[in-house]
Asks: 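Pasting a structure below so you can have a look.
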Amino acid sequence: MGPVGPLGGAGRKERLTVDSPSDTTPQAPLADVTGLLDGVPRQRGPVRVTPGAVAVGPSPAPEAASASGPVPKTAPAPDGARSLSHLLRRTAGIPFTLAYAAVLAVTSLVARYADPASVYALHQASSTDVAHLLRAPVSVLLASGLWVAGGILSPYALLFVLVVGALERRIGGLRTAGVFLAGHVLATLATEIPVGLAVVAGQLPGTSLHRLDYGISFGVAACAGALAGLLRPWLGRPLLALFGGSAAAGLLTLTDPMTDWGHLISLSIGVLCWPVVRRWSGAVTDRAAAS
C-alpha cells in the first residue's frame, strides 16, 4: 500500500500526549499565611502552606512543656514532727508553770535524797506557822511555796501542772502567778491568824505557834477555783466538786482541819476572781486574734 496523503494515516505519525490522572488537579501556588490557622494548636509566627500539607512552627521543647506544667506540692511533714511542733507550741505558752515545776522537782529531789535531819530543818525554816509569820512574813511565805508535801509524785504536783498550766494558757503567766500567790498568802493568813488568837486566848497550847505548815496546795486550789470560771460548766463544776469535796471530806474526819479549811478558803478566793480572770482571758483572746 502506497503512502497516504496528508490526511492519511501511515505516512505521518502524530503524537498524542495524555495527562496522567494526578496531573488533572490544578496546581495551586504556594501561599504565605500571615495569620494563624483555625483549629491548629501551638502556632508560632507565619505558616507556609503547600498543597496536601501544612507546615507549622516548631513545637515547644519537652523541657518548656514540663516547666509550664503544675508545680508539685511540698510533701507534708510526718505525723511525729507535727505532734512535736504542736507540743512545743503548747509548752511555750506556759513558762511560769514550767519554771515553777522545775523548782519543785529540785526541792523534791532534795527532800527525798538529802539527810533527813537537814530536810526537817529546811521544812521548819520554811514553815508558815505563827512564830515565823511574826518574825519574817514575806520570806517565809515565799519559801513555803517551794515545797510539795508528799514529793513530786503527790497528787498536788500533778494537779499543779494541769490546773496552773491550763490557767496560764488562758490569762498569761504573771496573772496566773498573781492568782496563785493570792490563794497561797490569803489562805495561809486566814488559817494561821485564828491559831495565834486562840493561843493568846488560852484555847490552844503554845506549841500550836510552831505548827509545821508548807506546800503549794493553797495556791493550786485558788488556781482551780479561777480556772473553773473559764471552763464550760460540764468541766468547771466537776473541778470545783473535786477540790471542794476533798476538803469537805477531810473536815468530816478532822484529819487536818486547818489545812482543809485553807483549801476551801483558797478555792473560794479563786471563785471570787471570776470577773477579773474572765476579763483577762478575753483580752488574751483578742490579742491573739489581732496578731
Asks: According to a 4.5 Å side-chain heavy-atom criterion applied to Ile, Leu, Val, Met, Phe, Trp and Tyr, with indirect links allowed, do Leu227 and Val164 form part of one hydrophobic cluster?
Replies: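 Result: yes, single cluster for both.
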
Asks: Check whether the side chains of Ser217 and His184 place a donor and an acceptor atom closer than 3.5 Å, and report yes or no.
Replies: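 There is no such pair (donor and acceptor under 3.5 Å, judged by atom type) between the side chains of Ser217 and His184.
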
Asks: At what distance, to the nearest 0.5 angstrom, does CG of Leu209 lie from CG of Leu133?
Replies: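 The CG atom of Leu209 sits 10.5 Å away from the CG atom of Leu133.
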
Asks: When you group the ILVMFWY residues by side-chain heavy-atom contacts below 4.5 Å and let the links chain together, are Leu134 and Leu141 in the same group?
Replies: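 In one cluster with Leu141: Leu134, no.
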
Asks: Under 4.5 Å between side-chain heavy atoms, hopping through other hydrophobics if needed: is there a path connecting Leu174 to Phe160?
Replies: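 No, separate clusters.
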
Asks: Flag the pair Leu240 / Val271 as yes when at least one side-chain heavy-atom distance between them is below 4.5 Å, and no otherwise.
Replies: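 A side-chain contact exists here, since the closest heavy-atom pair is under 4.5 Å.
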
Asks: Hey, could you give me the CG/CD1 distance between Leu186 and Ile265, rounded to the nearest 0.5 Å?
Replies: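 The CG atom of Leu186 sits 9.5 Å away from the CD1 atom of Ile265.
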
Asks: With hydrophobic residues grouped by side-chain heavy-atom distances under 4.5 Å, do Leu272 and Leu181 end up in a single group?
Replies: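 Unlinked, Leu272 and Leu181 end up in two clusters.
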
Asks: Counting C-beta onward and ignoring hydrogens, is there a side-chain heavy-atom pair between Leu189 and Val185 closer than 4.5 Å?
Replies: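 Yes, at least one pair of side-chain atoms sits under 4.5 Å.
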
Asks: Give, for atom OH of Tyr120 and atom OG of Ser127, the distance between the pair rounded to the nearest 0.5 Å.
Replies: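 Going from OH on Tyr120 over to OG on Ser127, the span is 9.0 Å.
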
Asks: Specify the closest pair of heavy atoms between Ser266 and Gly183, including all atoms of both residues, with the distance to one decimal.
Replies: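 Taking Ser266 first and Gly183 second, the nearest heavy atoms are CB-O, 4.0 Å.
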
Asks: Using the side chain to side chain contact (heavy atoms under 4.5 Å, CB included) rule, take Leu251 and Leu264 through it: C-alpha gap first, then chi angles, then the decisive distance, then the call.
Replies: CA-CA 10 Å; Leu251 287 175; Leu264 286 177; 3.5 Å; yes

Asks: Check whether Thr285 reaches the backbone of Ser281 with its side chain - one donor and one acceptor, N or O, closer than 3.5 Å.
Replies: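 Checked: pair present.
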
Asks: For Trp147, does its backbone N or O pair with a side-chain atom of Thr107 as donor and acceptor, under 3.5 Å?
Replies: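 No; judged by distance alone, with no hydrogens or angles, the pair does not exist.
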
Asks: Measure the shortest side-chain to side-chain distance between Arg278 and Leu230 over non-hydrogen atoms and say whether it is less than 4.5 angstrom.
Replies: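 Yes. Closest side-chain heavy atoms under 4.5 Å.
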
Asks: Is the Tyr156-His263 ring centre distance short of 6.0 angstrom?
Replies: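 Ring centres of His263 and Tyr156 closer than 6.0 Å.
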
Asks: Is the shortest heavy-atom distance from the side chain of Phe218 to the side chain of Ile269 under 4.5 Å?
Replies: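 Counting from C-beta outward, Phe218 and Ile269 never come under 4.5 Å.
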
Asks: With clusters defined by side-chain heavy atoms of hydrophobic residues (ILVMFWY) lying less than 4.5 Å apart, directly or transitively, does Leu162 cluster with Leu235?
Replies: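 Different hydrophobic clusters.
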
Asks: Thr128 and Asp213: side-chain donor and acceptor closer than 3.5 Å?
Replies: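 Yes, because at least one side-chain N or O of Thr128 sits under 3.5 Å from a partner of the opposite role on Asp213.
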
Asks: How many angstroms lie between atom CE of Met258 and atom OG1 of Thr188, to the nearest 0.5 angstrom?
Replies: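 If I round to the nearest 0.5 Å, the distance is 10.0 Å.
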
Asks: Got Val140 and Asp129 here, is their nearest side-chain heavy-atom distance under 4.5 Å?
Replies: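 Result no, sub-4.5 Å side-chain heavy-atom pair not found.
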
Asks: Taking the side chain from Ser208 and the backbone from Leu204, do they hold a donor-acceptor pair closer than 3.5 Å?
Replies: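 Checked: no pair found.
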
Asks: Quick one: closest heavy-atom pair of Ala226 and Val179, and the distance?
Replies: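 In terms of heavy atoms, the two residues are closest at CB-CG1, 4.0 Å.
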
Asks: Nearest 0.5 Å please: distance from the CG atom of Leu197 over to the CD atom of Glu192.
Replies: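 It is 11.5 Å, given to the nearest 0.5 Å.
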
Asks: Looking at CZ of Phe96 and CZ of Arg175, how far apart are the two atoms once the value is rounded to the nearest 0.5 Å?
Replies: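 So the CZ of Phe96 and the CZ of Arg175 are separated by 14.5 Å.
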
Asks: Under a 3.5 Å distance rule, please check whether Thr176 uses its side chain to pair with a backbone N or O of Gly172 as donor and acceptor.
Replies: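 Answer holds: yes.
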
Asks: Are any non-hydrogen side-chain atoms of Ile216 and Phe180 less than 4.5 angstrom apart?
Replies: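 Contact flag for Ile216/Phe180 side chains = yes.
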
Asks: Where is the tightest heavy-atom contact between Val195 and Thr191, given as atom of each residue plus distance?
Replies: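 That would be CG2-O, 3.3 Å.
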
Asks: Using modelled atom types only, decide if a donor and an acceptor are shared between the side chain of Gln124 and the backbone of Leu212 within a distance under 3.5 Å.
Replies: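 Not a single qualifying donor-acceptor pair exists.
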
Asks: So for atom CH2, which belongs to Trp261, do other residues, nucleotides or ligands contribute more than 12 heavy atoms lying within a distance under 6.0 Å?
Replies: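 Atom CH2 in Trp261 is not packed in, count stays at 12 or less.
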
Asks: If we ignore hydrogens and angles and just use 3.5 Å, is the side chain of Ser154 paired with the main-chain N or O of Gly151 as donor and acceptor?
Replies: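 The answer is yes, because a donor-acceptor pair under 3.5 Å joins these two groups.
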
Asks: Taking it one step at a time, do Tyr214 and Leu122 satisfy side chain to side chain contact (heavy atoms under 4.5 Å, CB included)?
Replies: CA-CA 11 Å; Tyr214 62 90; Leu122 289 172; over 6 Å; no

Asks: Any idea which heavy atoms bring Ala228 and Gly236 closest together, and the distance?
Replies: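 So the two residues come closest at CB-O, 3.6 Å.
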
Asks: To check you understand the geometry: which heavy-atom pair defines the closest contact between Ile152 and Ser108, and what is its length?
Replies: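 In terms of heavy atoms, the two residues are closest at N-OG, 3.3 Å.
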
Asks: Of all the heavy-atom pairs spanning Ser126 and Ser144, show the shortest one and how long it is.
Replies: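 So the minimum-distance heavy-atom pair works out to O-CB, 3.1 Å.
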
Asks: Output yes when a side-chain donor or acceptor of Arg170 lies under 3.5 Å from a complementary backbone atom of Ala166, and no otherwise.
Replies: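 It does hold such a pair.
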
